[in-house]
K.L.:
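What follows is a single structure, and I will ask about it in a moment.
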Amino acid sequence: MAAIERYDVICIGGGSGLTAAYYAQQDGKSVALVDDRPDQLGGTCVNRGCIPTKGLIQAAEVMQTIRHAGDFGIHLDQSSVRVDFQAVLDTVRRRRENDAAAVRRWVESAFTPYYGQAHFVDDKLIEMEDGRRLTGERIFIAAGARPAIPPIPGLAESGFLTNESVIFDLTEQPEHLIILGGGYIGCEFAHFFSALGTRVTVIDHSECLLAEDDDVRALFTQELAKRVELVLQAEARQALVRDGQCGLVVATDDGERTVLGDRLLLATGRRPNTDRLALERTGVELDGRGFVVVDDGLRTTHPDIYAYGDVIGQGMFKHTSSYEGELAYRNAHGASLAVDYTANPHAVFSNPQIGSVGLTERACRDQGLDYTVARKDYADFAKGKIVGSPPGFAKLLVEKGSDRILGFHMIGPQAADLIHEVVVAMNTPGAKAQGVRDSIHVHPTLAELVRQVFDATA
């Protein structure tokens with residue numbers, strides 16, 4: 001039996017696990033980094049999520065600008081515009097390879113890497129697939145998540161895509177792409193493919209797309225429907241392949257219908273990578289969906305094992321896992337910090353773009369809060385008119401009496417960037433809206449929309 005290697009800290013996961021590993025290394029601790037994809041260090045964000053998908057979105061944004069140039073007096077021969085789909089993919093793939101290689105160089109200079117599948121064989125004792133064993137004083141589980149594949153009959157024969165296979169394996173632009181799932185992954189890919197000329201059909205079980213404030217998701221659904229076909233309130237019953245095409249049989253209020261296209265993309269959620277870790281041997285508790293159960297300090301049910309990132313299912317965003325990773329490391333080494341997701345923002349990089357932080361109006365009502373709501377459109381102010389009065393708005397929720405910012409939701413150009421002054425305001429003592437009202441905003445800028453909606457709640 002192999003000798004047991006001992007470390008101060010073990011981090012499972014070469015994506016978000018790098019956050020705790022970094023702080024441990026800065027403290028002079030011995031660190032083992034465990035990951036089963038050495039060619040994809042950096043995790044989902046670098047390789048299969050944030051960075052490569054936003055590279056694709058950037059190409060879509062360029063095409064959108066070209067198509068709407070005439071709105072600003074710039075006339076182009078639209079028929080001469082040609083999409084080199086392979087070149088778009090190659091650009092994103094080269095960047096991914098370079099980024100992953102850079103992360104690997106850092107990992108191998110700063111930590112002791114263990115590459116391969118790992119599982120627990122005893123309390124705090126980890127065994128690699130090649131038989132190596134290691135243990136640590138503190139262990140951080142940040143093993144991430146992967147696409148959830150629903151149990152639809154016939155799916156295995158359909159040659160379906162996921163976000164991962166689009167980034168790594170797709171070679172030809174589909175003429176007609178069917179997307180199952182209207183969450184942020186499905187909507188971002190719908191934007192990318194439709195902007196580059198693919199006919200897109202999105203199938204979702206809800207009446208509106210996305211899990212956002214009701215006003216935001218209603219406008220988003222309305223706008224996306226102008227560019228893609230939406231099949232809503234639909235349940236996928238069966239996948240099928242017919243005459244060289246693939247697709248789904250779906251049940252709707254009007255009965256069953258068959259939707260066929262060149263390729264099928266699944267965007268049906270994420271599942272945690274806990275199923276191969278044998279965590280039951282450590283006493284670490286999982287919930288009914290396989291996510292690691294943690295307290296507000298990110299401690300698991302084992303006193304020396306912490307978990308964070310996608311594997312706990314609290315907010316599957318890179319910025320969230322980075323926040324959690326530092327907090328988990330600090331708590332494992334003497335701090336008593338509690339996670340606070342009150343001002344944890346997120347964005348959807350589709351068209352229209354969405355930026356959101358805090359409570360939705362529905363959540364405010366459900367919690368019985370007494371609040372004031374204000375909404376201003378892009379068309380209501382100078383820079384909004386300059387950029388073409390696009391459909392979109394900013395919506396603010398403020399608690400009556402305390403002036404506390406409860407939530408802020410934006411849909412339209414640069415929404416993902418514009419929400420950040422609200423994030424900062426929500427993280428100041430009292431989170432009072434007056435701080436934004438008292439701040440001078442440059443004129444004319446899109447940021448004035450933020451100021452105007454705050455003034456409307458004074």
Side-chain angles (χ1 to χ4, degrees), residues 36-37 39-40 43-44 47-49 52-53 56 85-86 89 93 96 116-117 119 129 143-190 192-194 198-206 209 228-252 255-278 286 288-291 310-311 313 316:
D36 63 350
R37 295 185 180 184
D39 61 327
Q40 295 183 36
T44 296
N47 294 280
R48 308 174 292 277
T53 58
L56 299 179
F85 191 74
Q86 190 61 53
L89 293 177
R93 287 167 179 167
R96 185 212 68 78
Q117 183 59 49
H119 66 277
E129 58 187 317
R146 63 186 187 273
I149 309 302
I152 299 173
L155 201 55
E157 294 75 39
S158 68
F160 65 84
L161 298 166
T162 67
N163 65 299
E164 297 189 5
S165 54
V166 169
I167 300 301
F168 285 94
D169 304 323
L170 189 63
T171 57
E172 295 182 351
Q173 180 175 2
E175 290 186 15
H176 181 192
L177 176 68
I178 299 166
I179 300 177
L180 178 61
Y184 72 92
I185 293 175
C187 289
E188 289 186 355
F189 276 112
F192 164 68
F193 280 101
S194 64
T198 293
R199 177 186 168 198
V200 175
T201 299
V202 175
I203 300 170
D204 192 71
H205 61 87
S206 298
L209 301 172
V228 310
E229 179 187 9
L230 300 182
V231 182
L232 301 179
Q233 294 180 285
E235 178 187 351
R237 293 284 178 84
Q238 181 181 350
L240 58 116
V241 178
R242 179 189 298 168
D243 299 327
Q245 292 189 306
C246 61
L248 295 166
V249 177
V250 298
T252 70
E256 283 194 348
R257 61 174 289 191
T258 298
V259 183
L260 290 172
D262 298 285
R263 299 302 301 266
L264 170 64
L265 171 62
L266 299 184
T268 47
R270 309 276 291 169
R271 61 172 295 184
N273 293 326
T274 55
D275 48 330
R276 291 176 290 185
L277 293 176
L286 304 179
R289 297 183 298 157
F291 291 99
D310 289 0
V311 80
M316 293 190 180

K.L.:
Find the distance between CZ (Phe193) and CG (Leu177) and round it off to the nearest 0.5 Å.
P.N.:
5.5 Å
K.L.:
Atom CG in Leu265, atom CD1 in Ile203: separation rounded to 0.5 Å?
P.N.:
11.0 Å
K.L.:
With sequence neighbours left out, which residue pairs that include part of residues 145-162 fulfil the salt bridge (charged side-chain N to carboxylate O under 4.0 Å, His left out) condition?
P.N.:
Arg146-Asp275
K.L.:
State which residues pass side-chain hydrogen bond (donor to acceptor under 3.5 Å, both in side chains) with Glu175; sequence neighbours excluded, sorted by chain then number.
P.N.:
none
K.L.:
Under the side-chain contact (heavy atoms from CB on, under 4.5 Å) test, which residues partner His119, sequence neighbours left out?
P.N.:
Val121, Glu127, Ala278, Arg281
K.L.:
Set out, in order, the CA-CA distance, both residues' side-chain angles and the distance that settles side-chain contact (heavy atoms from CB on, under 4.5 Å) for Leu155 and Leu266, then state yes or no.
P.N.:
CA-CA 10 Å; Leu155 201 55; Leu266 299 184; 3.7 Å; yes
K.L.:
Which residues pass the side-chain hydrogen bond (donor to acceptor under 3.5 Å, both in side chains) test with Gln173, not counting sequence neighbours?
P.N.:
Thr198
K.L.:
Asp262 side chain to His176 main-chain N or O, any donor-acceptor pair under 3.5 Å?
P.N.:
yes
K.L.:
Of all the heavy-atom pairs spanning Phe291 and Asp310, show the shortest one and how long it is.
P.N.:
CE2-O, 3.3 Å
K.L.:
Which heavy atom of Met316 sits nearest to which heavy atom of Tyr184, and what is that distance?
P.N.:
O-OH, 3.6 Å
K.L.:
Please lay out, stage by stage, how Arg263 and Val166 fare under the test side-chain contact (heavy atoms from CB on, under 4.5 Å).
P.N.:
CA-CA 11 Å; Arg263 299 302 301 266; Val166 169; over 6 Å; no
K.L.:
Return the OG1 to CG distance between Thr162 and Asp169, rounded to the nearest 0.5 Å.
P.N.:
8.0 Å
K.L.:
Quick one: closest heavy-atom pair of Ile179 and Ala267, and the distance?
P.N.:
CG2-CB, 4.3 Å
K.L.:
Which atom pairs, one a donor and one an acceptor, fall under 3.5 Å between side chains of residues 228-249 and the rest of the protein, sequence neighbours left out?
P.N.:
unit_1 : atom_1 : unit_2 : atom_2 : d
Glu229 : OE1    : Thr201 : OG1    : 2.9
Glu229 : OE2    : Arg257 : NH2    : 3.3

K.L.:
Partners of Arg93 by side-chain hydrogen bond (donor to acceptor under 3.5 Å, both in side chains), sequence neighbours excluded?
P.N.:
none
K.L.:
Please examine the side chains of Leu180 and Ile152, heavy atoms only from C-beta on, and report whether any two atoms are closer than 4.5 Å.
P.N.:
yes
K.L.:
Under the 3.5 angstrom rule, does the side chain of Gln117 hit a backbone N or O of Glu129 as a donor-acceptor pair?
P.N.:
no
K.L.:
Please list, chain by chain and in numerical order, all residues satisfying side-chain contact (heavy atoms from CB on, under 4.5 Å) with Thr53, sequence neighbours excluded.
P.N.:
Ile167, Glu188, Phe189
K.L.:
Just to verify, what does Ala148 make a side-chain contact (heavy atoms from CB on, under 4.5 Å) with, not counting sequence neighbours?
P.N.:
Arg271
K.L.:
Taking salt bridge (charged side-chain N to carboxylate O under 4.0 Å, His left out) as the definition, give me every residue that meets it alongside Arg48, ordered by chain and number, with sequence neighbours left out.
P.N.:
Glu164
K.L.:
Donor-acceptor check, side chain of Arg96 to backbone of Pro52, threshold 3.5 angstrom: yes or no?
P.N.:
no
K.L.:
Who are the side-chain contact (heavy atoms from CB on, under 4.5 Å) partners of Thr274, not counting sequence neighbours?
P.N.:
Pro272, Leu279, Leu286, Val292, Val311
K.L.:
Please list, chain by chain and in numerical order, all residues satisfying side-chain hydrogen bond (donor to acceptor under 3.5 Å, both in side chains) with Ser158, sequence neighbours excluded.
P.N.:
none
K.L.:
Taking the side chain as every heavy atom from C-beta outward, state whether Arg270 and Ile185 have any atom pair closer than 4.5 Å.
P.N.:
yes
K.L.:
Starting at CZ of Phe168, measure out to CG of Leu161 and round the result to the nearest 0.5 Å.
P.N.:
14.0 Å
